[in-house]
Number of protein chains: 2
Amino acid sequence: MPTKTVMDIGKSAKILKVLGDKTRLTMLKLIEEQTCCVCEFVEIFQMSQPSISQHLRKLRDADLINEERKGQWVFYSLNQDSEWYPFILPIIDQLPNQQEKLIELEKNGTRITCC
Amino acid sequence: MPTKTVMDIGKSAKILKVLGDKTRLTMLKLIEEQTCCVCEFVEIFQMSQPSISQHLRKLRDADLINEERKGQWVFYSLNQDSEWYPFILPIIDQLPNQQEKLIELEKNGTRITCC
DNA sequence: TAACTATATAACTATTTACTTATATATGCA
DNA sequence: TGCATATATAAGTAAATAGTTATATAGTTA
C-alpha cells in the first residue's frame, strides 16, 4: 500500500466520468460485495452483450475492476488494490444497495445457469 | 438538515457525470473555500467566457453551486445546503488543493480588478 | 475434430458534449 | 440617456459517447 500520493485533478475527473454512467455505476455497486460474470450483467441490465462488455472494458481500463476467467466465464470484481479505490469507495458506499437485482436473477433461475 | 434519504442511483450517476470534467471539478474545488466570480474563472482556465458560463450552468442546474449577484459581478459558491452536498463532499475533499491558481491571479493583479 | 457457449472486438450510427462566434441581458457610470 | 463592463444565451460544429450488428476469440463438450 503506497503512502498517500498527490492526485491529479485531471485524472480524478476522468475517473468520475467513468463513474458518471448509470450502468457502470450500478455495476460497481453490485460487485462491491460479490463478483459477477458478464452474462449476469446482460440479464440484470437487459442490454446486449457487446454493450455490457464495452462498459466493463471502460471500468477495467480505469483500473477500477479485476477480471478473472473461470472456464468459459469471466468474473469481475472491485479492484481493492487500485490506486483509485480510496477515492471511489466513499462514493460507492453512499449508493443504494443493488442486491435486489441479483435476488431477482435467482428467482428467475438465471443466476444458476452461469455461476 | 434532512434525515438521510434514499438516493437514486441514476441521479447519482448524473451528478458524477457533471463532476467528470476537469474544468468543472476544478471549479468546485476552488469554491470549496471561497467564492469566485465568472471573470476569475475565465482568467484561471484561460477559456472563453461563454464556455465558463456554460460549465457554471451545468453545476447550477445540478444544484451543486449557489449564484449571487453583486453589482455587475456574479459570484459562485459551493451549495452546502444541496441534497447532494454530503455525496460530493468526500470527493472534493480528496482532490488536491487548487488555491495556487488564485494566488497566481493575485500576482497578475487580475484578481483585484473584479473582486 | 465439430458444434456450442461465453466473451471481446470492430465497424458503424445516432446522440451528447464542449467548444466556438454572435448576440442578448443586466448593471454601473459619465 | 448612452456607453462600457460583466454575464448569459443561442446557434452552429467537431469530437466523444453509448449503443447497434457482425465477427473474432476462447473455452467446453460431444
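In what follows, chains are A, B, ... by sequence order, proteins preceding strands, each numbered from 1.
- Taken from CD in B/Gln72 to SG in B/Cys37, the straight-line distance is 10.0 Å, to the nearest 0.5 Å.
- B/Arg24 places a side-chain N or O within 3.5 Å of a backbone atom of B/Val18 that can act as its donor or acceptor partner.
- B/Arg57 meets the side-chain contact (heavy atoms from CB on, under 4.5 Å) test with B/Arg60, B/Asp61; sequence neighbours excluded.
- For B/Asn79, the side-chain contact (heavy atoms from CB on, under 4.5 Å) partners at least two apart in sequence or on another chain are B/Asp63, B/Asn66, B/Asp81, B/Ser82.
- Atom P of nucleotide C/dT17 and atom CG of B/Leu19 are separated by 14 Å, given to the nearest angstrom.
- Taking a pair to require two hydrogen-bonding distances under 3.5 Å in either a Watson-Crick or a G-U wobble arrangement, D/dA30 pairs with C/dT1.
- A/Tyr76 comes within 4.0 angstrom of sugar-phosphate atoms only, judged by non-hydrogen atoms across all strands, and of no base.
- If you check every strand for non-hydrogen atoms under 4.0 Å, A/Phe41 touches nothing.
- Residues meeting the side-chain contact (heavy atoms from CB on, under 4.5 Å) test with A/Lys29, sequence neighbours left out: A/Glu32, A/Ile92, A/Leu95, A/Gln98, B/Ile9.
- One interatomic measurement links the two molecules: CG of B/Asp61 to C1' of D/dT9, which rounds to 12 Å at whole-angstrom precision.
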The contact string for nucleotides 22-28 of chain D, one letter per nucleotide 5' to 3', using protein heavy atoms under 4.0 Å with B, S and - for base, sugar-phosphate only and none, comes out as B----SS
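- Whole-Å rounding puts the B/Ile65 CD1 to D/dA8 C1' distance at 13 Å.
- Residues of residues 52-60 of chain A that place a heavy atom closer than 4.0 Å to DNA chain D, in numerical order, are A/Gln54, A/His55, A/Lys58.
- With hydrogens and angles ignored, the 3.5 Å screen pairs a side-chain donor or acceptor of A/Gln46 with a backbone N or O of A/Glu43.
- Considering only side-chain N and O atoms, B/Ser51 lies nowhere under 4.0 angstrom from the phosphate OP1 or OP2 of C/dA18.
- Rounded to whole Å, the distance from CE on B/Met47 to P on D/dT7 is 16 Å.
- Checking C/dT7, C/dA8, C/dC19 against every side-chain atom of B/Thr23, the shortest atom distance belongs to C/dC19.
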Are B/Leu59 and B/His55 close enough, and set up right, to give a side chain to side chain contact (heavy atoms under 4.5 Å, CB included), and what steps lead you there? CA-CA 7 Å; B/Leu59 291 169; B/His55 281 300; 5.6 Å; no
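- We find that CG of A/Asp21 is positioned 13 Å from P of C/dT16, with the value rounded to whole Å.
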Does the side chain to side chain contact (heavy atoms under 4.5 Å, CB included) test come out yes or no for B/Glu68 and B/Thr35, once each step is laid out? CA-CA 10 Å; B/Glu68 184 190 3; B/Thr35 62; 5.7 Å; no
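- Residue pairs meeting the ring pair (Phe, Tyr, Trp, His ring centres under 6.0 Å) criterion with at least one partner in residues 82-104 of chain B, sequence neighbours excluded, are B/Trp84-B/Phe87.
- Straight-line distance from the CG atom of A/Leu25 to the C1' atom of D/dT17: 17 Å, rounded to whole Å.
- Rounded to an integer number of Å, the gap from NZ of A/Lys14 to P of D/dT17 is 10 Å.
- Using a 4.0 Å heavy-atom cutoff across all strands shown, B/Lys17 reaches sugar-phosphate atoms only and no base atom.
- The CD-C1' distance, from B/Glu43 to D/dA6, rounds to 14 Å in whole Å.
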